[in-house]
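Because the structure is predicted, anything quoted here is derived from the model rather than measured. Every chain is numbered from 1 and lettered A, B, ... according to where its sequence line falls, protein lines coming before strand lines.
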There are 2 protein chains.
Amino acid sequence: MDDEVVSSKHHNLEDIARLSGVSRSTVSRVINQHPNVSEKTRQRVLQVIDQVDFHPNLAARALVTQKLNVIGILIPHIVSKVFSDPFFPLLLQSITNTANQMGYSVTLWLTSTEGDSDDILGQVVNHRLMDGLIVASTVVDESFIQKLDERGKPFVIIGSPNRLDPHVNYVDVENEIGGYLLTQHMIKQQRQRIAHIPGLEKLRSSRDRQAGYLRAIHEAGMDAIIAPPGNFSEEGGYRSMQVLLDQQVDAVFCASDIMAIGAMQAIRAAGLCMPNDIAIGGFDDIHQAALTNPPLTTVHQPILRLGEVATEGIISILDGRVETSFHQILPVELIIRQSA
Amino acid sequence: MDDEVVSSKHHNLEDIARLSGVSRSTVSRVINQHPNVSEKTRQRVLQVIDQVDFHPNLAARALVTQKLNVIGILIPHIVSKVFSDPFFPLLLQSITNTANQMGYSVTLWLTSTEGDSDDILGQVVNHRLMDGLIVASTVVDESFIQKLDERGKPFVIIGSPNRLDPHVNYVDVENEIGGYLLTQHMIKQQRQRIAHIPGLEKLRSSRDRQAGYLRAIHEAGMDAIIAPPGNFSEEGGYRSMQVLLDQQVDAVFCASDIMAIGAMQAIRAAGLCMPNDIAIGGFDDIHQAALTNPPLTTVHQPILRLGEVATEGIISILDGRVETSFHQILPVELIIRQSA
DNA sequence: TCCAATTTTGGGAGCGCTCCCAAAATCTAT
DNA sequence: ATAGATTTTGGGAGCGCTCCCAAAATTGGA
């Protein structure tokens, strides 16, 4: 061991021990804030730690404790335009910020094409440098969830799983209720031909929003008019709206704000007026929703809170503070602006 | 060690060795594809590995090799609306995909408020569970870069650093040239009062785009008209454009597409026509640029390629295949549509 | 068949940490 | 001053891997 002690080269506990005149066990006790260290010793060790800017080797610690304080976020492939809709960026930001605040770091896993999906999922399941996982969508194979379970790797799903399973932790919002509330609002406005633009059939949240729409429509004895899915994109919303224009609808509930924004452009391009000719509503309440012309009526979902709850949930499991599985459904809120 | 050998519980090299009738050194040689293993032995070991679905403990490996195959991405705080402009989402996607394809995982670091910026930067510098770092913006203190250097932690900056420094690796695009080309295009269209909406004074890329604008303007003997920065947001572009409307400009070069889209909305709200009354141009060539009404003339920057080059660069350094620092400037391309 | 050269394989040691057990030091009461 | 109780501290061992050196096995030529 060379004599250059105050340098940016990495040190270990033995180095700190030697410099502060104690053993590495005592240094470890100071770092981990164990009791039974005299104040005098503690201060001396902390001074040396600060002086050489020591940071423990987390790989070595992980080898002993089997814990890394790392969580993964998996955003599955089919939401391939994951960032054209602000939902995922906001979620990612919320999860990362919450995890960092709780002393955890975050590994990001995206799948970009359907072809390499299995590769990435395999990598994620078997990756040994993270303690647990947040799966940011329900669009994953059952087999993937099963493999996580078999591996004993804790996970939380954002979105409700398709089947009840006692091992699955999840956080969701009231998608069905949101769809119901927005559609009912349009019914109360005495709209006669109310349509729905769904997002993605594979996604549970999309199906639930559509179920809410259908419940309100059937209660009113009206006909359901469902467009092809808009794939949660602006262009998709635009195209699906074009299909609806031929059907003389006077209101449309879109499964996301971004599709609503696209739909609005199609309405405008057809020379029609909102909300006079066609009322339009969305879901999410992204920042842009208030800035559209007219400002968008929408269902507010607490995306940042979703991320916080999912992160706090997985970390509670990893820190051993939660033993049973947890499920949490966050409330939505109808935001009435001018588009409907 | 219990006798339950085919289970999802984690195994180690000794387990695999016992099951395949060799030593843990031989198992390690097979896993790492070392030469000097007989084919018969290799097949036998691989069969057991597959049968119990064994994956090595990467923390233990890291302890020996001092290598984790993890890179970090840092998106600094000031781009706090990091995902309202599609630049960062696309970059993130590109980096994550490239890294995964090269057998690396990606840790995400965002700073969300100016207050905790120092905390997060401290965490990032000292975090021992990643080999290197991609810094996705030049908006970081010199002291942070210096600390990375002192730590010997390899990094690549996306964007040109403010000062030349032999230790700094970076990737950028031709921002100045892009600003110049777009402004020159407007000059050639015989626009008389050409303005600029910058993004963020702190950002080198923003200043460079403005420098390009100024070079073209000065070459044409025209007056520069510079709006308050639009902070790379749609609303910011809207507001900055409102300021410019009073100054009877007939063309505006915005430092990003998203600000151009906001500016277009302000122009439309003022009852003016594009490109007749005001020509508008942006930078980035995001997907939406082609879909605006009229379609946006812009400077195309290869965002996905930026991410690829940065990722390949940092991994080359980490794999020891590159010893000198590298700098790469990617070309931009003027995309002439209908807005200018 | 024997021997030297080459190939294949095994196991000690250590990476840097935490935990546990025991030694050493300190404190308090008699 | 002494002894028992309590607090503080030290060091062995092991987590799971890789590397290196040496032992064992194999091969080929004389």
Sequence neighbours excluded, which residues qualify as ring pair (Phe, Tyr, Trp, His ring centres under 6.0 Å) partners of B/F326?
-> none
Using the test side chain to side chain donor-acceptor pair (under 3.5 Å), find all partners of B/T98 that sit at least two apart in sequence or belong to another chain.
-> none
Identify, with sequence neighbours excluded, every residue that meets salt bridge (Lys or Arg N to Asp or Glu O under 4.0 Å) alongside A/R42.
-> A/E39
Check the distance between C/dT18's P and A/L68's CG and give it to me in whole angstrom.
-> 13 Å
Rounded off to whole Å, could you give me the CZ-to-P distance for the A/F54 and C/dG16 pair?
-> 10 Å
B/N57 CG to C/dC15 P, in whole Å, measures 18 Å
CD of B/E39 versus C1' of D/dT26: gap in Å, rounded?
-> 17 Å
If you check the B/A60 side chain, which of D/dG16, C/dT18, D/dT18 turns out closest?
-> D/dG16
Over how many whole Å does the gap from A/R61 atom CZ to D/dC17 atom C1' extend?
-> 20 Å
What pairs of residues pass the salt bridge (charged side-chain N to carboxylate O under 4.0 Å, His left out) test when at least one of them lies in residues 22-35 of chain A, not counting sequence neighbours?
-> A/E14-A/R24
Only pairs under 3.5 Å count here: list side-chain donor-acceptor contacts from residues 310-321 of chain A, not counting sequence neighbours, and write none if there are none.
{"from": "A/T311", "atom 1": "OG1", "to": "A/G307", "atom 2": "O", "distance (Å)": "2.6"}
{"from": "A/S316", "atom 1": "OG", "to": "A/E312", "atom 2": "O", "distance (Å)": "2.8"}
{"from": "A/S316", "atom 1": "OG", "to": "A/R321", "atom 2": "NH1", "distance (Å)": "3.3"}
{"from": "A/D319", "atom 1": "OD1", "to": "A/K67", "atom 2": "NZ", "distance (Å)": "3.2"}
{"from": "A/D319", "atom 1": "OD1", "to": "A/Y104", "atom 2": "OH", "distance (Å)": "2.6"}
{"from": "A/D319", "atom 1": "OD2", "to": "A/R321", "atom 2": "NH2", "distance (Å)": "3.3"}

Have a look at the helix from C/dT1-D/dA30 to C/dT30-D/dA1 and give the angle its two end axes make, five pairs each, rounded to 10 degrees.
-> 50°
5' priority, DNA chain D, between B/A59 and B/H34 [closest heavy atom] | B/A59
Ignoring backbone atoms, establish whether B/N12 has a side-chain N or O less than 4.0 Å from OP1 or OP2 of D/dG16.
-> yes
Passes side-chain contact (heavy atoms from CB on, under 4.5 Å), B/T107 versus B/L129? Steps please.
-> CA-CA 9 Å; B/T107 298; B/L129 284 176; over 6 Å; no
Rounded to whole angstrom units, what separation is found between the NE2 atom of A/H11 and the P atom of C/dC15?
-> 15 Å
Please report, rounded to the nearest Å, how far the P atom of D/dG12 is from the CG atom of A/L13.
-> 16 Å
Sequence-distant partners of A/H34, ring pair (Phe, Tyr, Trp, His ring centres under 6.0 Å), two or more places apart | none
Interatomic distance where NZ belongs to A/K40 and C1' belongs to D/dT7 [whole Å] | 15 Å
What pairs of nitrogen or oxygen atoms, one from the protein and one from nucleotides 7-11 of chain C, lie under 3.5 Å apart?
{"from": "C/dT8", "atom 1": "OP2", "to": "B/N36", "atom 2": "OD1", "distance (Å)": "3.2"}
{"from": "C/dT9", "atom 1": "OP1", "to": "B/S38", "atom 2": "OG", "distance (Å)": "3.2"}
{"from": "C/dT9", "atom 1": "OP1", "to": "B/T41", "atom 2": "OG1", "distance (Å)": "2.6"}
{"from": "C/dT9", "atom 1": "OP2", "to": "B/S38", "atom 2": "N", "distance (Å)": "3.0"}
{"from": "C/dG10", "atom 1": "OP2", "to": "B/S23", "atom 2": "N", "distance (Å)": "2.6"}
{"from": "C/dG10", "atom 1": "OP2", "to": "B/S23", "atom 2": "OG", "distance (Å)": "3.0"}
{"from": "C/dG10", "atom 1": "OP2", "to": "B/T26", "atom 2": "OG1", "distance (Å)": "2.7"}
{"from": "C/dG10", "atom 1": "O6", "to": "B/R29", "atom 2": "NH2", "distance (Å)": "2.6"}
{"from": "C/dG11", "atom 1": "N7", "to": "B/S25", "atom 2": "OG", "distance (Å)": "2.7"}
{"from": "C/dG11", "atom 1": "O6", "to": "B/S25", "atom 2": "OG", "distance (Å)": "2.4"}

Would you tell me if any nitrogen or oxygen in the side chain of B/N32 comes within less than 4.0 Å of OP1 or OP2 on D/dT18?
-> yes
Go through the structure and list residues passing ring pair (Phe, Tyr, Trp, His ring centres under 6.0 Å) with A/F144, not counting sequence neighbours.
-> none
Answer yes or no: does atom CD of B/Q43 have more than 12 heavy-atom neighbours from other residues, nucleotides or ligands under 6.0 Å?
-> yes
